[in-house]
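I have placed the structure first, in the form of C-alpha cells, so that the comments after it can refer back to it.
Order of the sequence lines sets the chain letters (A, B, ...), proteins ahead of strands, with each chain counted from 1. It should be emphasised that the depicted structure is a prediction, and the values quoted were computed from it without experimental measurement.
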Amino acid sequence: MPELPEVETARRIIERELTGRRVVAVDLRLPKLFRDSEIRDPGMLIGQTVVCARRRAKVLAIDFDGELSLLVHFKLAGQLAVIRPDGARSIAGHPVPKPDGPYPHKSTHFDLRFDDGTIAHFSDIRQFGWYRLMPASQVQPAIDAFKFGPEGTGRDAITSTQLFAALQRRSIPIKQAILDQTIVAGVGNIYADEALFQARIHPQQPANSLSRALVSRLRDAIEWALDMGIAQGGAKIIHQRAYPQNDFPAVHGREGEPCIRCGGTVRKITVATRGTYFCPACQRLRKPKTNVTTV
DNA sequence: TGCGTTGTTTCACC
DNA sequence: CGGTGAAACAACGC
C-alpha cells in the first residue's frame, strides 16, 4: 500500500537509476491507466531524457527534457521495478509482483526502456493507480488541485502549531484526521496506525480533544513513522499481514500478536471504514470528563 | 462468491 | 461556506 515512504523510495530509485537516461521504447499494455491523462499516448516520451523526479504527498512526478512530465499515483497496489542491463534490481511500492520474480509480470502494465538497456516496469495488481502525462507547465496546477496540506516529514514538514490548528475544527477520530491529505500530506493507513501507536494515542480519540502536548507528540510520531518507512524502503504488508523489520510496523497488520511494548494483544477495529490496528493497553481512549452529577 | 482492500471524489445535509 | 458521513469508484484475490 504505497504511502509517502514507498513513493519517496520510488522517487529516489528514479533519480539514481534513470536521471540522464533517454527513453528509446514505451510499452503500454493497459491504456486505461492513462484515462485521465491530458496526453494519452506515452509514446510521446520516446527520445526524451529524464531530468529529475519529484514527489508531493503520494504523487510522483517524473520530469523529462522536452517539457513533459509524467505524474504517477500508486494508490493501493502500484509498484516500480527498475532493472539494469546487468540485472541489478531496484523495487519500490507493493510487494506484488515478487521483486525477485520474472518481469514483466501479468500485472506489469507499462514499461519504459532506456538507451543503456535499463527498463522501468510499472505494475499495479489492482489497477487503481493512474498515470498522467502533461506539459511541465501543468504540473503545479495539477498538484495544487489536490489541496494537500504540509508534508508529514522533510523540509517544510508540518509543525505542531499547524497540526494543532487544523485539528481544532474537527471532532472526527484522530486517525481519520491524519489520513486527510489536506491536513497533513502523505500519511496512509499503515503509517497512521504506526504514528498513533508511537504517540500512544487511541485512533478514535476526537481530533479536537488532544492537548497541545499530545499534538506535539503526534507530530513527532508521524515524522518518525514516515522516516522509519523511508529508511526501510517501505513497509511490507501482504494479505493484511505485516513482515516487520526492527519491530516496524509495530501494530499494523499484527492483529492477535503481542504488543512490542507491553506484551498485550494487538487488536483490529474499524475507524472511518478503515482497518485499524492498535494496542488497547498502550493507547487508551482519554474520555472527555464525564459530567458527574454534583449536588 | 461476496467481502475486504485504498485514496480520492462526490453528494446530501446540517 | 465548511464539516461530516456515507457512498461511489477503480479491480482483484481469497
Check whether any side-chain N or O of A/Asp115 sits under 3.5 Å from a backbone N or O of A/Arg22 as a donor-acceptor pair, and report yes or no. yes
Should A/His73 be listed as having a side-chain N or O under 4.0 Å from OP1 or OP2 of B/dG7? no
Rounded to whole Å, the CD1-P distance (A/Ile143 to B/dG7) equals 18 Å
Among the nucleotides B/dT9, C/dG13, B/dT6, which one has an atom lying closest to any side-chain atom of A/Phe146? B/dT9
C/dC12, OP1 or OP2 - any side-chain N/O from A/Gln127 closer than 4.0 Å? yes
Ranking A/Ser171 and A/Arg35 by the position along DNA chain C of their nearest nucleotide, the one closer to 5' is A/Ser171
Indicate the ring-plane relationship of A/His73 and A/Trp130, choosing parallel, tilted or perpendicular according to the 30° and 60° boundaries. tilted
A/Phe148 has an atom CZ; how far is it from atom C1' of B/dT8, in whole Å? 9 Å
Between C/dG13, C/dT4, B/dT8, which one does the side chain of A/Arg170 approach most closely? C/dT4
Is A/Lys147 touching bases, backbone alone, or none of the nucleic acid, heavy atoms closer than 4.0 Å? nothing
Can you check whether A/Ile158's main-chain N or O pairs, donor with acceptor, with A/Arg219's side chain at less than 3.5 Å? yes
Have a look at A/Gly129 and say if it touches a base, only the backbone sugar-phosphate, or nothing, with a 4.0 Å heavy-atom cut-off. nothing
Rounded interatomic separation in angstrom, taking NZ from A/Lys58 and C1' from B/dG7: 6 Å
Is it the case that A/Ser209 and A/Gln205 place a side-chain donor and acceptor less than 3.5 Å from each other? yes
From the set C/dG5, B/dG4, B/dT8, return the single nucleotide nearest to any side-chain atom of A/Arg274. B/dT8
note: A/Glu6, atom CD; B/dG7, atom C1'; distance rounded to Å ~ 14 Å
Length of the CG-P vector between A/Leu33 and C/dC9, whole Å: 19 Å
Can you tell me how far C1' of B/dT5 sits from CG of A/Leu179, to the nearest Å? 14 Å
Which comes earlier along DNA chain B counting from the 5' end, the contact point of A/Thr270 or that of A/Ala145, where each point is its nearest nucleotide? A/Thr270
Whole Å only: how far is the CD1 atom of A/Ile125 from the C1' atom of B/dG4? 14 Å
5' priority, DNA chain C, between A/Arg169 and A/Lys75 [closest heavy atom]: A/Arg169
Regarding the side chain of A/Ile172, the nearest nucleotide among B/dG7, B/dT9, C/dT4 is C/dT4
Between the side chain of A/Arg54 and the main-chain N/O of A/Ile62, is any donor-acceptor distance below 3.5 Å? no
Rounded to whole angstroms, how far apart are CG on A/Leu76 and C1' on B/dT9? 15 Å
Nearest listed nucleotide, side chain of A/Arg126, among B/dT5, C/dG5, B/dT6: B/dT5
